[in-house]
**Student:** 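Sending over a structure as structure tokens; questions will come in a sec.
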Amino acid sequence: MCVHDMVTRAEGHISEQRSENAQIPQKVGVREFRGNLTAYLRQVRQGATILVTSHDQVMAELRPPAPSYRPRRQPGALRGRIRISDDFDRTPQDVLDSLDRDL
């Protein structure tokens with residue numbers, strides 16, 4: 001039996017265990033979780049929350065990350081919107097004069 005078949009079979013077993021309501025976290029023992037890690041991570045990617053337990057005590061909670069408050073940067077998004085003035089790299093005379101003074 002190949003690894004893919006094992007993962008597919010585990011996903012079938014896991015999906016049977018999943019509640020109809022995706023909001024209810026699924027409890028999974030450490031051994032079961034370790035044995036089917038890929039399948040459980042796929043479920044988390046799809047929005048499920050999984051509680052990993054040991055001796056009926058929750059050890060970890062896996063859920064998708066919270067949406068970022070800062071949008072992802074897209075290179076080139078401001079192209080054509082930013083203009084640099086012609087005198088950008090010229091130092092004002094009063095600044096130059098202050099540099100020549102004694103301290």
Side-chain angles (χ1 to χ4, degrees):
M1 178 183 296
C2 72
V3 173
H4 177 67
D5 292 338
M6 290 171 37
V7 169
T8 304
R9 186 180 306 170
E11 285 176 340
H13 176 68
I14 293 165
S15 62
E16 290 170 10
Q17 293 176 352
R18 277 181 82 175
S19 169
E20 294 292 328
N21 185 353
Q23 300 299 329
I24 299 172
Q26 178 182 351
K27 289 185 179 182
V28 177
V30 172
R31 285 184 186 173
E32 171 71 19
F33 178 73
R34 191 175 349 149
N36 299 302
L37 179 63
T38 303
Y40 285 115
L41 290 178
R42 268 193 207 121
Q43 285 187 11
V44 170
R45 185 185 313 149
Q46 294 170 356
T49 298
I50 296 175
L51 302 175
V52 182
T53 62
S54 177
H55 303 287
D56 293 326
Q57 193 173 30
V58 175
M59 305 304 289
E61 179 178 353
L62 287 115
R63 62 179 167 215
S68 176
Y69 293 107
R70 202 166 77 190
R72 186 179 175 129
R73 183 177 179 275
Q74 294 187 11
L78 297 176
R79 182 175 290 151
R81 293 183 178 182
I82 298 174
R83 303 262 185 249
I84 297 175
S85 67
D86 293 334
D87 64 346
F88 173 77
D89 58 349
R90 290 189 206 135
T91 307
Q93 189 60 44
D94 61 327
V95 173
L96 291 173
D97 292 342
S98 69
L99 295 174
D100 290 336
R101 291 187 209 148
D102 290 335
L103 295 174

**Student:** Any side-chain heavy-atom pair from F33 and L37 closer than 4.5 angstrom?
**Tutor:** yes
**Student:** What is the minimum heavy-atom distance between P64 and G47, and which atoms define it?
**Tutor:** CG-CA, 3.6 Å
**Student:** To check you understand the geometry: which heavy-atom pair defines the closest contact between T49 and R63, and what is its length?
**Tutor:** OG1-CB, 3.7 Å
**Student:** Answer yes or no: is there a side-chain heavy-atom contact under 4.5 Å between V52 and V58?
**Tutor:** no
**Student:** Evaluate the side chain to side chain contact (heavy atoms under 4.5 Å, CB included) criterion for residues Q26 and L51: first the C-alpha distance (whole Å), next the side-chain angles of each, then the deciding distance (0.1 Å), finally the verdict.
**Tutor:** CA-CA 6 Å; Q26 178 182 351; L51 302 175; over 6 Å; no
**Student:** Answer yes or no: is there a side-chain heavy-atom contact under 4.5 Å between I50 and V44?
**Tutor:** yes
**Student:** For the CG atom on D56, are there more than 12 heavy atoms of other groups (residues, nucleotides or ligands in this structure) within a distance under 6.0 Å?
**Tutor:** no
**Student:** For the pair R34 and E32, find out whether any cationic side-chain nitrogen is under 4.0 Å from an anionic carboxylate oxygen.
**Tutor:** no
**Student:** Using 0.5 Å steps for rounding, measure from the OG1 atom of T38 to the CZ atom of R42.
**Tutor:** 6.0 Å
**Student:** Count the heavy atoms belonging to other residues, nucleotides or ligands that lie under 6.0 Å from CG of D86, then report whether that count exceeds 12.
**Tutor:** no
**Student:** Please examine the side chains of L41 and L62, heavy atoms only from C-beta on, and report whether any two atoms are closer than 4.5 Å.
**Tutor:** yes
**Student:** Verify the neighbour count for atom CD of E61: are there more than 12 heavy atoms of other residues, nucleotides or ligands below 6.0 Å?
**Tutor:** yes
